[in-house]
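These notes concern the structure reproduced below.
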Amino acid sequence: MSTSTPAKKEIAAIKGTKDILPGEVGIWQKVEAEAKGLFEFYGYRELRAPVFEATDLFEKGTGETTDIVTKEMYTFTDKGGRSITLRPEYTPSVARAIIEHRLYLQPDPLRFYFIGPMFRYDKPQKGRYRQFHQVDVEVFGEKDPAIDAEIVEMADTLLKNLGVQNAETLVNSVGCRACRPAYSKDLRAHAEKVRDLLCPDCQRKIATNPLRIFDCKVESCREQAARFPKISSYLCRECRDHFTKFCSYLDLFGIPYKVEPNLVRGLDYYTKTTFEIVSSGLGAQNALLGGGRYDDMMKDFGGPDLSAIGFALGMERLISILKIKPEKSKFLYIATLGEAAKTKGIEFARFFRRQGVESLIEFVGRSLKNQMSRANKLGAAWVLIVGEEEIRKGLYQLKDMATGNQNEAKAEDLLKIICDSA
RNA sequence: GUGAGUGUAGCUCAAUUGGUUAGAGCAUCGGACUGUGGAUCCGAAGGUUGGGGGUUCAAUUCCCCUCACUCACCCCA
């Protein structure tokens, strides 16, 4: 229909991706540092896996029936004919790395964390991006419910340290391979009876994954789901015991939580404990962090029978609700006038940087007034003025920008003045 | 994949029922002030009104298509 020439498109970031500009990156660095410091304190170590993996790692790990695998993966064939997928989540990569490097034969605790980008072909909206960043935490080889509680406590502590308020911790147990099938069967039977009252999506879920009917937000589905049997009455002795102990450990840690029988995580691999921390103020995508136990993944991957638990936290979501501002560093602006001063200024910059004083010198050739104005706008703590006169006299002007006081000093005394007022 | 909303300067927003040359604040640059920042005043620069088509004497305004962004469904961090 349209024979018009296509509009010139300005070069732009891909849909669902965004630049984190210098003005915003400070808060990212602060959150990353806070998370890393805390995790290391609990005995976790960083494990960095590649951004892409063989596609079948996620098919097997994340689950072939999940939405993530069936419709959200960035999958392509490389020049060697391999099917490659940009990781949509981190857990399968960690499991793979542990098996590949036989890390379970080392004495070190199998506790890992990682912060980095994940990729999902979702339609972007508030709190949802195609490239987004997760903080990922995993523990292997611990089946005691105490670790379930500790990992929740660690997540809770991180959020508290960052000043997050209005966050609520939800917990549940989804059973295991011994007890969940019976529950799923009964759930299917119940759902089947009221099939006509459910939305088309949920009608489909009856066959594929009936637990996820609990996730539905359609009013009629919620009404029906409320009458469905609860997982809690189907848990086997082991799972029930695990969940009870998990809850009492949470009490011991002093973590407030809410048992949410309808909490069903969207990944297939979860067993026993699942948890989520939600926050108001995030919009529809209200999960700040989510995770749970996945005791079968390692042996399903052909590795040792190691139980595991972990969680992932959404960086963009977390940062969107943070109110803290990282403090700006104090730095020295070196203003120069003329060629000789420029050389001298470069020498000063090198000297001060080596002494641990952040220093900025610009070479645009501005007037002194202009350089002062720049220094002020950029938030410099001090300005060092280097001109012909200063060089001749061997005395330099150092201005404290906060007070406006200006001292004349020899080169060797400048550092002391700066350090004294820092 | 489905639905709704919004697109005007770098940013935040104006522009009468469709009506002259599309304005303002902030930011940028310059000047008042030859080597001293913040405040004030003056000035400059910055726009194919997202793009294309249509209706009209006339379109930022109305209609259609398209693109982008935002929000929601879905899914999840």
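We name chains A, B, ... by the order of the sequence lines, and we start the count at 1 in each one.
Cation-pi contact between A/Lys18 and A/Tyr129: present, with separation from the ring centre below 6.0 Å and deviation from the ring axis of at most 45°.
If you check B/U56 for Watson-Crick or wobble pairing at under 3.5 angstrom, you find it has no partner at all. Checking B/U70 for Watson-Crick or G-U wobble geometry (two distances, each under 3.5 Å) identifies B/A4 as its partner. For B/U36, there is no paired base (Watson-Crick or G-U wobble, both distances below 3.5 Å). Base pairing annotation: B/U12 forms a Watson-Crick or G-U wobble pair with B/A24, both donor-acceptor distances under 3.5 Å. Under the Watson-Crick or G-U wobble criterion, with both distances below 3.5 Å, B/G43 is paired with B/C29.
The residue among A/Asn370 and A/Thr403 whose nearest nucleotide of RNA chain B lies closer to the 5′ end is A/Asn370. Residue whose closest nucleotide on RNA chain B sits further toward the 5' end, between A/Leu288 and A/Leu282: A/Leu282.
If you measure from atom CG of A/Leu332 to atom P of B/G37, you get 18 Å, rounded to the nearest angstrom. Rounded to whole angstrom, the span from the CD atom of A/Gln371 across to the P atom of B/C33 amounts to 21 Å. At whole-Å resolution of the value, OH in A/Tyr121 and P in B/C76 are 18 Å apart. Between the CZ atom of A/Arg374 and the P atom of B/G35 there is a distance of 17 Å, given to the nearest Å. Computed from coordinates, the A/Ile334 CD1 to B/U36 C1' distance equals 16 Å when rounded to whole Å. Atom CD1 in A/Ile68 sits about 13 Å away from atom C1' in B/C74, given to the nearest Å. Here B/G1 presents its C1' atom at 11 Å from CG of A/Asp67, a figure rounded to the nearest Å. The separation between A/Leu378 atom CG and B/G38 atom C1' is 13 Å, rounded to whole Å.
If you check every strand for non-hydrogen atoms under 4.0 Å, A/Glu390 touches a base. Nucleic acid contact for A/Ala375: none, since no nucleic acid atom lies under 4.0 Å from a heavy atom of the residue. Using a 4.0 Å heavy-atom cutoff across all strands shown, A/Arg120 reaches at least one base atom of the nucleic acid. Among the protein residues, A/Gly127 comes within range of the nucleic acid bases, having at least one heavy atom under 4.0 Å from a base atom. The residue A/Lys15 sits close only to the backbone: its heavy atoms come under 4.0 Å of sugar-phosphate atoms, none of a base. Backbone-only contact: A/Glu72 has heavy atoms under 4.0 Å from sugar-phosphate atoms and none from a base. Within the 4.0 angstrom heavy-atom criterion, base atoms lie near A/Gln406. Residue contacts for A/Lys377: at a heavy-atom cut-off of 4.0 Å it reaches the sugar-phosphate backbone alone, with no base atom in range.
Side-chain to base pairing of A/Arg128 with B/C71: no donor and acceptor N or O lie closer than 3.5 Å to each other.
Counted by atom type alone, A/Thr85 and A/Thr75 present one or more donor-acceptor pairs between their side chains at under 3.5 Å. One side chain, A/Glu362 or A/Tyr333, offers a donor N or O that lies under 3.5 Å from an acceptor on the other. A/Thr91 and A/Glu138 share a donor-acceptor pair across their side chains, judged by distance under 3.5 Å alone. Neither side chain, A/Ser367 nor A/Gln371, offers a donor N or O lying under 3.5 Å from an acceptor on the other.
Of all nucleotides listed (B/C76, B/C74, B/U36), B/U36 comes nearest to the side chain of A/Gln397. Side-chain proximity of A/Gln125 to B/C29, B/C74, B/G35: nearest is B/C74. Residue A/Glu388 places its side chain closer to B/G35 than to any other of B/G37, B/A77, B/G35. The side chain of A/Met372 lies closest to B/U36, out of B/U36, B/A77, B/G3. Listed nucleotides: B/U36, B/A77, B/A72. Nearest to the side chain of A/Lys369: B/U36. When distances are taken from the side chain of A/Ala284 to each of B/C73, B/G37, B/U36, the shortest belongs to B/C73. Of the listed nucleotides (B/C73, B/G35, B/A77), B/A77 has the atom at the smallest distance from the side chain of A/Tyr129.
Taking the P atom of each, B/A24 and B/A14 are spaced 16 Å apart, rounded to whole Å. B/C13 and B/U49 have their C1' atoms separated by 14 Å, with the value rounded to a whole Å.
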Take A/Tyr74 and A/Tyr121 through the test ring pair (Phe, Tyr, Trp, His ring centres under 6.0 Å) and record every step on the way to the result. CA-CA 7 Å; A/Tyr74 277 93; A/Tyr121 193 81; 5.7 Å; yes
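Between A/Tyr396 and A/Phe348, the distance from one ring center to the other falls under 6.0 angstrom. Here the two rings, on A/Phe114 and A/Tyr90, have centers that are under 6.0 Å apart.
Distances shorter than 4.0 Å separate none of the side-chain N or O atoms of A/Gln285 from OP1 or OP2 on B/C76.
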